[in-house]
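In what follows, chains carry the letters A, B, and so on, assigned in the order in which the sequence lines appear, proteins first and then strands, with residues in each chain numbered from 1.
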Amino acid sequence: MRVATVTLNPAVDRQLIVPNFEVNQLHRLTGPESSAMTPGGKGINVAMLLDVLGISVVAMSILAGYTGRILEEELRRLHPRITTNFVYTSGETRENIAIVDPIKDTITEINSSGPKVDEKTMDVFLKRYIMTLSRVNTVVISGSVPPGVSAGYCMDLVRRAKQQKKTVIVEGIGRFFEEVVRNDCPHVVRPDLRRTQTVFDRSLETLEDYVELAKEFIRLGAEAAVISYQVVSDIVATKEGVWVFTSKEKVEKSHLFGTGDAFVAGIVYGIDRGLSYYEALKYGMAAAIAETKYVEKSALSISEIEKYLDAFEVRSAV
Amino acid sequence: MKVKDVLIRDISAVFEDETVEDFVRICSMQSFSGLPVVDENMVVVGYISENDVINAAVPSYFSLLQSVSFLPDTHQLVQRLQKIKEHTVSQYMRTPAVTVKEEDSLIHVADLIIRRRLKVVPVVDDQGRLVGIVTRMGVLKGAMEKGG
């Protein structure tokens, strides 16, 4: 096991492909290919992508109830090489519904909040997390945080991994993400801007706002930062500079599903190969572009990522 | 066929210092019949099953009786479980744990399952660290699919 992914609030993802989707209308799915039910949550998605890229990974999560069992069984069926270390709590793991309309080029997402996690479960999870740290080089902590879990708990996960000299990558949003970054900044950070473009109480509007935020992450101690900018670009930063990566490929909005997770998986792949953070960021961008070629999740390959290493423009943003 | 062909890469386990109550809670939530017991380095040091806990909770003289159906229900099982639930798993686990490695043959695991009446066999690496489990159904399914 070289990488551990931590998904505190995993989900069963239900993706429905509905051409010409409209609210208040009855839609019938045309066949089984129009509906997919897959294990999800950002960390689980990254684990599945890393598995297809040939990196041995242990997926750690807090699951609950019947939906949690479905997630576990589906993950095992689809990715038997992924090692699992799950802890269960009361309630039900959440379901995330995404309605993809390839005609209107839209994605409509409905995400539930997840089960309330009690203190006992958090203790049990932490103990297993500490044990797992001794066996991996990189830790990816990604996605939302379920009710009951405190910002302090998330900070503890990051702190313990850093103390053991692991490379830590965090993707998230909101107060917890900001507190983690301010308190003990992970090596790589990526805010999830799908629902809000506000970070550190600053609204991101212009390119300069994004560049300033990237610099702020580096000032706080990050080795690398990625911020999604408009649909086809990403602002990336390391201690050496800030750049704008812009895809030369046409990107369908309905194919954006999972591209953020692909970006993170590409970075992990680069780091795992011993590349510099800047080069790893390029692998992230290439993986994200490669992922836009598919509607479904986890369809990447190394050759495809490498095919897209030149599929984006790089310009300095400083 | 080898163990790695039917290996379930799940490293769910309990620690030696966790309690019987923790063990029962984890097993009931995840529908396990037992769990490998590991140390802080994930080395398998034992195995504890629901049978081990029930055996510990049933009064020892019961084994001398042909039937306990004539005894009035004195809640002895309940009382003893209350007593031992705070005890550590290490007090009731079986040691050393029966383990196999990924390169072991399937017939070797099948033999262990029959001789030792095991439902689950932990799979370890060369350092004795847990890498997953093999189940009875996994052995059957693996052998059947290979034959097909």
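- Other residues, nucleotides and ligands contribute more than 12 heavy atoms inside 6.0 Å of the CD atom of B/Gln91.
- Residue contact with chain A, scored on non-hydrogen atoms closer than 4.5 Å, is absent for B/Leu7.
- To the nearest 0.5 angstrom, A/Arg81 atom CZ is 13.0 Å from B/Lys4 atom NZ.
- With a 4.5 Å cut-off on non-hydrogen atoms, A/Ile82 touches chain B through its backbone but not through its side chain.
- Shortest non-hydrogen contact noted between B/Asp10 and A/Asn85 is OD1-N, 4.3 Å.
- Listed by chain and residue number, nothing satisfies the ring-ring contact (aromatic ring centres under 6.0 Å, His included) test with B/Phe23 (two or more places apart in sequence, or in another chain).
- Of all residues in residues 25-38 of chain B, those placing a non-hydrogen atom less than 4.5 angstrom from a non-hydrogen atom of chain A are B/Arg25, B/Ile26, B/Met29, B/Gln30, B/Ser31, B/Val38.
- The most heavy-atom pairs under 4.5 Å with chain B, out of A/Thr121, A/Val124, A/Leu63, come from A/Thr121.
- Of the inter-residue distances, the one linking B/Ile11 atom CD1 with A/Met60 atom CE reads 7.0 Å to the nearest 0.5 angstrom.
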For this session: Check the pair B/Glu18 / A/Arg128 against salt bridge (charged side-chain N to carboxylate O under 4.0 Å, His left out), numbers first and verdict last.
Result: CA-CA 12 Å; B/Glu18 286 182 313; A/Arg128 280 141 187 83; 2.8 Å; yes
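- At a heavy-atom separation below 4.5 angstrom, chain B is approached by A/Met131, A/Thr132, A/Arg135 within residues 131-153 of chain A.
- Using a 4.5 Å cut-off between heavy atoms, B/Asp22 touches chain A through its side chain atoms alone.
- Using a 4.0 Å cut-off between a side-chain N of Lys or Arg and a carboxylate O of Asp or Glu, A/Asp51 and B/Arg9 do not qualify as a salt bridge.
- Using non-hydrogen atoms only and a strict 4.5 Å limit, the part of residues 99-134 of chain B facing chain A consists of B/Asp125, B/Arg129, B/Leu130, B/Val131.
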